[in-house]
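Quick note: numbers below take in every heavy atom, side chains included, and nothing from hydrogens, waters or symmetry partners. Since we're looking at a predicted model, the values are computed, not measured.
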There are 2 protein chains.
Amino acid sequence: MGATKTDVFDDRVNRLASVAKAMGHPARIAILTQIMTQKSCINKDLVEELPLAQPTISQHLKELKRAGLIAGSIDENRMCYCIDRDGLKEIMQYCQELIAESPADDQCC
Amino acid sequence: MGATKTDVFDDRVNRLASVAKAMGHPARIAILTQIMTQKSCINKDLVEELPLAQPTISQHLKELKRAGLIAGSIDENRMCYCIDRDGLKEIMQYCQELIAESPADDQCC
DNA sequence: AAGCAATATCGTAATATTGCGATATAAATA
DNA sequence: TATTTATATCGCAATATTACGATATTGCTT
């Protein structure tokens with residue numbers, strides 16, 4: 001008891017949930033936004049910009065990477081992260097599907 | 001220590017994270033999908049369709065409602081849920097922004 | 001009124017996440 | 001080689017989430 005039951009859901013459902021979950025933390029939204037605006041795609045800069053300790057940010061970056069939302073490459077002794085569009089496209093499309101395919105409010109019940 | 005630091009991030013960031021977090025569980029993705037396809041917008045049907053106990057589903061529905069992803073109305077002794085598009089539009093737009101505004105992979109570092 | 005059906009809430013055990021100090025690692029530089 | 005710089009990992013305490021049995025609650029139906 002207590003553990004999320006992933007085995008009873010199919011792969012797509014689990015994958016969507018996993019990506020959404022990675023976005024489901026303010027620090028990680030803030031990191032994504034920073035990388036987007038290129039204020040800081042360098043790890044060090046993120047640590048300076050965000051009000052969190054370095055190990056905490058490192059941990060959040062790892063989670064974003066795991067979910068396929070960012071990709072990291074080494075740029076002369078620094079880690080440089082960039083947005084990975086694939087994961088994002090997946091949830092975006094799912095949201096769009098929910099919006100477009102679900103019955104209008106007045107048609108449901 | 002241990003609690004998510006929401007106070008150090010601004011409202012929009014917290015709001016986006018909160019919506020994404022609500023989507024970040026396979027059961028809740030499954031519920032959203034069921035409501036969308038209208039296989040079951042009725043709570044009871046969800047309980048029958050999904051491999052989770054009734055209190056668990058009730059709890060997940062509450063979370064989805066809290067995040068503004070679904071809205072519930074009473075339909076002769078039954079709870080009927082429908083997709084609430086506003087929360088979805090918000091993350092969708094944010095994803096789109098991330099995809100469109102972030103520099104291309106080859107332009108970063 | 002008694003029973004039933006649908007849903008919500010309570011309480012709690014199991015598990016997961018968050019945040020960070022301490023510490024490792026690895027590359028650049030003095 | 002010693003130091004500094006940038007990042008990752010470990011370990012742990014605090015907190016949050018998940019799942020569900022037991023138990024309300026509310027509105028039929030008999």
Trainee: Enter the distance from A/Glu48:CD to A/Gln54:CD here, rounded to the nearest 0.5 Å.
Mentor: 11.5 Å
Trainee: Take the protein atom CD of A/Glu63 and the nucleotide atom P of C/dA16, then report the distance between them rounded to whole Å.
Mentor: 13 Å
Trainee: Between D/dT18 atom C1' and B/Leu52 atom CG, what is the distance in whole Å?
Mentor: 10 Å
Trainee: Which of these nucleotides, C/dC20, C/dT7, C/dA16, is closest to any side-chain atom of A/Ala3?
Mentor: C/dA16
Trainee: How long is the line joining CD1 of B/Ile74 and P of D/dC28, in whole Å?
Mentor: 10 Å
Trainee: Less than 4.0 Å between a side-chain N and a carboxylate O, is that true for A/Arg85 and B/Glu101?
Mentor: no
Trainee: Below 3.5 Å, does any donor atom in the side chain of B/Gln54 face an acceptor in the base of C/dA8, or the other way round?
Mentor: yes
Trainee: Could you give the CZ-to-C1' distance, from B/Arg28 to D/dA19, as a whole number of Å?
Mentor: 12 Å
Trainee: Nearest 0.5 angstrom please: A/Ile31 CD1 to A/Leu61 CG, how far?
Mentor: 4.5 Å
Trainee: In whole angstrom, what separates B/Lys62's NZ from D/dT17's P?
Mentor: 12 Å
Trainee: Can you find a side chain N or O atom of A/Lys21 that sits less than 4.0 Å from OP1 or OP2 on C/dT17?
Mentor: yes
Trainee: Distance check: side-chain N/O of B/Thr56 vs OP1/OP2 of D/dA19, anything under 4.0 Å?
Mentor: no
Trainee: Is the phosphate of D/dT17, meaning OP1 or OP2, less than 4.0 Å from a side-chain N or O of B/His60?
Mentor: no
Trainee: Output the rounded distance in Å from CG (A/Leu61) to P (D/dT9).
Mentor: 11 Å
Trainee: Using modelled atom types and a 3.5 Å cut-off, is there a donor and acceptor pairing between side-chain atoms of A/Asp10 and backbone atoms of A/Val13?
Mentor: yes
Trainee: Tell me the interatomic distance from B/Lys44, atom NZ, to C/dA5, atom P, rounded to whole angstroms.
Mentor: 10 Å
Trainee: To the nearest angstrom, how far is B/Met79 atom CE from D/dT25 atom C1'?
Mentor: 14 Å
Trainee: Per the atom types in the model, does the base of D/dA8 pair as donor or acceptor with the side chain of A/Gln59 at under 3.5 Å?
Mentor: no
Trainee: Closer to the 5' end of DNA chain C via nearest nucleotide, is it B/Lys65 or B/Lys5?
Mentor: B/Lys65
Trainee: Out of curiosity, B/Asp84 CG to B/Lys65 NZ, how far, rounded to the nearest 0.5 Å?
Mentor: 12.0 Å
Trainee: Between A/Gly2 and A/Ala53, just flag the one whose closest nucleotide in DNA chain C comes earlier from the 5' side.
Mentor: A/Gly2
